[in-house]
Amino acid sequence: MRLLLFLFLLGLPALAQEGRYALGRILVLDPGAGLAQVRVEDRILEALLPVGGEGFGVGDRVVVYLEGERAYVTEPDRMPWLAALALLFALGAVGLGRGKGLRGLLGTLFGLLLLVYVVVPRIAAGGDPLLHAFLGSLGVLVLSVYFVHGLGRKTTAALGATLAAVLLVLLLGRFFAQAMGFTGLASEEALLLHQWGGVDLLGLYLAGLAVGALGALADVTVTQASVVQALAHADPQASPWRLYRRAMEVGYDHLGSLVNTLVLAYAAGSLPLFLLLTRDPTPLRFLLNTEPFAAELVGMLLGSLGLVLAVPLSTLFAAFLLAGGKGEGGDHAHPH
């Protein structure tokens with residue numbers, strides 16, 4: 001959800017403002033006075049530090065906001081470190097994953113560009129977040145599944161199962177969100193978007209649930225389809241139902257580990273919210289009833305439910321498409 005909101009903010013038109021941002025380097029630091037001398041574009045300026053001023057040092061590259069004759073240090077310049085980490089990830093993915101690792105990186109990049117430059121602007125223009133999230137999910141999945149794993153029955157089964165699971169998550173999400181009276185105003189970002197107006201915040205929340213679960217769903221469906229394909233090639237006489245039963249022996253193990261992974265991922269992203277459980281005097285039953293907590297729990301449960309549904313769906317689709325050893329062309333079958 002936070003990623004979708006961030007991408008949404010990227011797609012919004014820039015607010016009218018008098019100032020501008022620039023890069024600078026701290027020359028002299030006075031945390032006690034909340035001031036720093038900063039070199040910006042061959043000029044030395046006196047800039048105000050953020051409240052507290054912690055985390056800055058002499059020589060640090062920083063982002064400076066310039067407004068008339070005033071300057072404000074806003075953030076450390078993190079982009080070089082982010083670029084280095086991204087390069088390290090890319091080298092690891094390509095070095096260990098080889099061709100598929102490279103295609104995976106490109107598929108991820110194209111998917112993010114699709115979200116930022118196609119889906120987000122349409123939502124920002126007042127479009128239905130659920131509709132555009134589903135269509136965007138289709139585009140992202142086509143890029144990530146077909147581009148990375150190639151065209152074939154196996155990938156078609158995985159794509160179909162993933163889309164079915166996403167659609168079920170969206171429908172169930174809308175039902176439970178309306179039944180629980182969600183407004184979409186469960187975060188500071190949502191309150192800001194509400195002030196700007198023109199956005200269906202409840203739809204945006206539900207769209208974030210679907211987009212957030214895409215990666216795990218695509219992973220489990222492709223894996224299950226690959227298991228079915230291997231069984232079908234090993235026993236071309238096996239019926240679809242036999243393939244389904246045998247592949248689900250692997251699917252049950254995969255399902256258990258993935259549900260655990262997704263729940264922990266959601267919980268990790270909500271640690272600040274969960275920390276309030278130890279500080280708020282409100283009884284637990286009523287605290288969990290508030291929308292911020294309930295919305296996080298709904299996201300966690302629906303994402304996990306999507307995985308639970310994706311395992312048998314992908315196994316069933318693949319069993320019927322690959323029974324009899326079909327799907328050799330384009331799915332890299334073992335030679336006879």
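The first residue of the sequence shown is numbered 1, and numbering continues consecutively from there. Just so it is clear, the structure is predicted and the values come from calculations on it, not from any experiment.
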Decide whether T156 and Y146 meet the rule of one side-chain donor and one side-chain acceptor closer than 3.5 Å.
->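 The answer is yes; a qualifying pair exists.
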In Å, rounded to the nearest 0.5 Å, how long is the span from [atom1] of [X] to [atom2] of [Y]?
X: T315; Y: Q224; atom1: OG1; atom2: CD; value: 3.5 Å
X: R153; Y: T155; atom1: CZ; atom2: OG1; value: 11.0 Å
X: D77; Y: R25; atom1: CG; atom2: CZ; value: 9.0 Å
X: L82; Y: L87; atom1: CG; atom2: CG; value: 12.5 Å
X: Y21; Y: E75; atom1: OH; atom2: CD; value: 9.0 Å
X: T74; Y: L49; atom1: OG1; atom2: CG; value: 11.0 Å

Heavy atoms only: give me the nearest [X]-[Y] pair and the separation to one decimal.
X: L45; Y: A71; result: CD1-CB, 4.3 Å
X: A165; Y: L217; result: CB-CD2, 4.1 Å
X: Y72; Y: E67; result: CE1-OE1, 4.0 Å
X: A157; Y: F317; result: O-CD2, 3.8 Å
X: A323; Y: A238; result: CB-O, 4.2 Å

Would you call [X] and [Y] a side-chain contact if the rule is heavy atoms closer than 4.5 Å?
X: P76; Y: W81; value: no
X: V64; Y: L23; value: no
X: V28; Y: V58; value: no
X: S239; Y: Y244; value: no

Do any pairs count as a side-chain hydrogen bond (donor to acceptor under 3.5 Å, both in side chains) and have a residue in residues 206-221, sequence neighbours left out, and if so which ones?
->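 Every pair satisfying side-chain hydrogen bond (donor to acceptor under 3.5 Å, both in side chains) with a residue in residues 206-221: T162-T221.
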For [X], which residues count as a side chain to side chain contact (heavy atoms under 4.5 Å, CB included) partner, sequence neighbours excluded?
X: A177; answer: F182, L202, L206
X: L231; answer: V227, L243, R246, A247
X: F176; answer: L172, M180

Please assess L171 against L167 for the test side-chain contact (heavy atoms from CB on, under 4.5 Å), listing each intermediate value before the final yes or no.
-> CA-CA 6 Å; L171 293 176; L167 182 59; 4.2 Å; yes
Is there a chain of hydrophobic side chains (I, L, V, M, F, W, Y, each step under 4.5 Å between heavy atoms) that links M79 to V40?
->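 Different hydrophobic clusters.
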Establish whether L85 and L91 are linked, either directly or via other cluster members, by ILVMFWY side-chain heavy-atom contacts under 4.5 Å.
->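 No; tracing contacts between hydrophobic side chains, which count when under 4.5 Å, never links both residues.
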For L301, the rest of its hydrophobic cluster, which grows through side-chain links under 4.5 angstrom =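 So far as hydrophobic clustering goes, L301 is joined with none.
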Verify side-chain contact (heavy atoms from CB on, under 4.5 Å) between V169 and L305, making sure each step is shown before the conclusion.
-> CA-CA 8 Å; V169 166; L305 180 59; 5.8 Å; no
Whether W241 and F320 hold their rings parallel, tilted or perpendicular, with breakpoints at 30° and 60° =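 Ring orientation, 0 to 90° scale: perpendicular.
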Step by step, would you call R245 with M248 a side-chain contact (heavy atoms from CB on, under 4.5 Å)?
-> CA-CA 5 Å; R245 289 193 300 269; M248 281 302 295; 5.9 Å; no
In plain terms, say whether R242 and D235 are close enough for a salt bridge, that is, a side-chain N and a carboxylate O under 4.0 Å apart.
->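 Counted as a salt bridge, because a side-chain N and a carboxylate O are separated by less than 4.0 Å.
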List, one per line, each side-chain donor-acceptor pair under 3.5 Å for residues 31-39, sequence neighbours excluded.
none

